[in-house]
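Written out below as structure tokens is the structure these notes cover.
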There are 2 protein chains.
Amino acid sequence: MTEQAGRRRDAAATQQALLDAAAKLFAERGFDRTTVRDIAGEAGVNQALLFRYFGSKEALFEAVIARDGREQLAGTPPERLFSASLRSMLAPEGPRNRTLETYLRSSGSDGAAAAIRQEIGEEYARVLATLTDAPDAELRADLALAWLMGIALVREVSGKEPLASADPDDICRLVVTATRTLLERTE
Amino acid sequence: MTEQAGRRRDAAATQQALLDAAAKLFAERGFDRTTVRDIAGEAGVNQALLFRYFGSKEALFEAVIARDGREQLAGTPPERLFSASLRSMLAPEGPRNRTLETYLRSSGSDGAAAAIRQEIGEEYARVLATLTDAPDAELRADLALAWLMGIALVREVSGKEPLASADPDDICRLVVTATRTLLERTE
DNA sequence: CTCGGTTGTAAGCAGCTGCTTACAACGCTA
DNA sequence: TAGCGTTGTAAGCAGCTGCTTACAACCGAG
């Protein structure tokens with residue numbers, strides 16, 4: 001996790017370590033339940049440096065989202081965004097993108113965290129809305145996004161069975177089938 | 001909100017006021033973000049009484065769920081539970097049952113709160129699972145429950161538009177239509 | 001009236017939170 | 001090598017958290 005040997009006095013590496021640690025902990029616990037001491041400890045860094053390099057806990061949160069938030073969004077064609085996001089959230093391991101997980105685990109936070117949450121949600125919904133030509137496309141997109149969030153919530157946060165241990169393929173099949181009535185073109 | 005005149009020294013009324021205040025605040029802010037001082041203040045009661053009558057903040061949470069949690073579950077036939085819960089969460093006002101709202105706003109909490117969350121989820125899913133005869137009925141029920149939670153999350157917690165201001169009837173129509181492929185009998 | 005348990009109050013405890021400050025160690029530049 | 005800005009450290013601040021304690025006010029029973 002932390003590199004004790006090798007170079008010390010490396011500001012860039014320290015900032016990276018803080019960003020990585022924060023991204024992990026925010027995704028796992030959300031904004032409120034992650035303390036600056038946790039982040040500094042996970043990064044193997046003195047907590048005062050967090051404030052030197054990022055100014056505040058909220059600014060660190062913004063930096064994490066700015067780095068990871070639009071990655072999947074930009075790199076996925078719209079027609080695959082829904083299933084790709086679903087699979088990304090369901091993937092048990094690997095360097096998955098945990099932005100949506102961060103989003104839902106930080107629900108209820110105020111301030112800058114709330115503003116950023118909203119921004120992410122809007123970007124996802126905007127892309128999903130292009131998938132249908134129904135007049136209420138945005139509402140349908142919100143409902144699809146809501147299902148994504150709900151599945152992540154019940155699976156990851158609540159750990160409810162059988163959903164928590166279900167095969168991502170099975171989940172994907174059921175959900176994509178059901179959302180056909182939501183996100184489809186009539187033309 | 002609080003009755004200052006009239007009887008004082010009424011243990012039962014004090015406990016009721018604490019339960020009501022706690023139910024409201026837990027639904028609005030979740031477990032973690034609600035402080036015992038908030039609850040006592042909302043109830044117009046000295047905070048020490050909270051501990052005298054309920055022992056701990058977690059025990060108060062359990063008491064709230066025990067009082068309200070199974071109300072809607074017990075009073076609604078299975079085939080209407082999904083749309084009834086959805087409508088109850090979408091209802092803008094009135095004495096709606098806010099158990100599911102409490103559930104999702106308290107996500108991420110540990111301890112007794114987590115155990116109770118799980119219990120509520122299981123009861124809802126068990127009932128929903130009776131609606132289909134598919135072999136993976138429980139998984140389908142979890143996915144339906146997840147959609148409920150996700151809609152509440154995006155609508156109430158994130159306040160995302162257009163979902164937040166959408167007509168409950170429109171939402172219900174779209175969601176119930178989409179879940180037909182999930183929760184239906186083949187026989 | 002007096003007693004004694006019940007109800008309500010005020011103050012405070014220890015622990016944690018985000019954040020700040022004063023200072024030491026380092027290493028590049030001159 | 002001397003100086004100095006950069007990087008890292010340790011300690012601590014004020015505010016909030018759940019919870020406890022010591023005590024006053026009340027009221028029915030004897």
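- In this structure, B:Leu49 places its CG atom 16 Å from P of D:dG18, rounding to the nearest Å.
- Atom CZ of B:Arg33 is separated from atom P of D:dT17 by 11 Å (rounded to the nearest Å).
- The interatomic distance linking B:Asp32 (CG) with D:dT17 (C1') rounds to 11 Å, in whole Å.
- Separating the CD atom of B:Gln47 from the P atom of C:dG8 is a distance of 15 Å, rounded to the nearest angstrom.
- Here B:Arg67 pairs with B:Asp20 in a salt bridge; the nearest charged N to carboxylate O distance falls below 4.0 Å.
- Taking only side-chain nitrogens and oxygens, A:Ser56 never comes nearer than 4.0 Å to OP1 or OP2 of C:dG18.
- Map A:Phe51 and B:Val45 each onto its nearest nucleotide of DNA chain C; the residue landing nearer the 5' end is B:Val45.
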Evaluate A:Phe51 against A:Val36 for side-chain contact (heavy atoms from CB on, under 4.5 Å), listing each step before the verdict. CA-CA 9 Å; A:Phe51 295 95; A:Val36 295; 3.9 Å; yes

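- Residue A:Leu49 comes nearest to A:Thr14 through the heavy atom pair CD1-CG2, 4.1 Å, listed as atom of the first residue, atom of the second, then distance.
- Spacing between atom CG of B:Asp10 and atom C1' of D:dA25 amounts to 16 Å, rounded to whole angstrom units.
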One pair to check against salt bridge (charged side-chain N to carboxylate O under 4.0 Å, His left out): A:Lys57 and A:Asp32. What are the steps and the verdict?
CA-CA 10 Å; A:Lys57 184 187 174 187; A:Asp32 283 341; 5.3 Å; no

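- Computed from coordinates, the B:Phe54 CZ to C:dT7 C1' distance equals 15 Å when rounded to whole Å.
- Residue-level contact check: A:Tyr53 touches the backbone only, with heavy atoms under 4.0 Å from sugar-phosphate atoms and none from bases.
- Atom CG of A:Asn46 is separated from atom C1' of D:dT6 by 15 Å (rounded to the nearest Å).
- Remark: P of C:dT6 and CZ of B:Arg52 are 10 Å apart, rounded to the nearest angstrom.
- Side-chain N/O atoms of B:Arg9 and base N/O atoms of D:dC27 include no donor-acceptor pair closer than 3.5 Å.
- Distances from the side chain of B:Thr35 to the nucleotides D:dC19, D:dG8, D:dG18 place D:dG18 closest.
- If you check C:dG8, C:dG18, D:dC19 against the side chain of A:Arg37, the one that comes closest is C:dG18.
- Classification of B:Asp38 and B:Arg33 as a salt-bridged pair fails, no side-chain N sitting under 4.0 Å from a carboxylate O.
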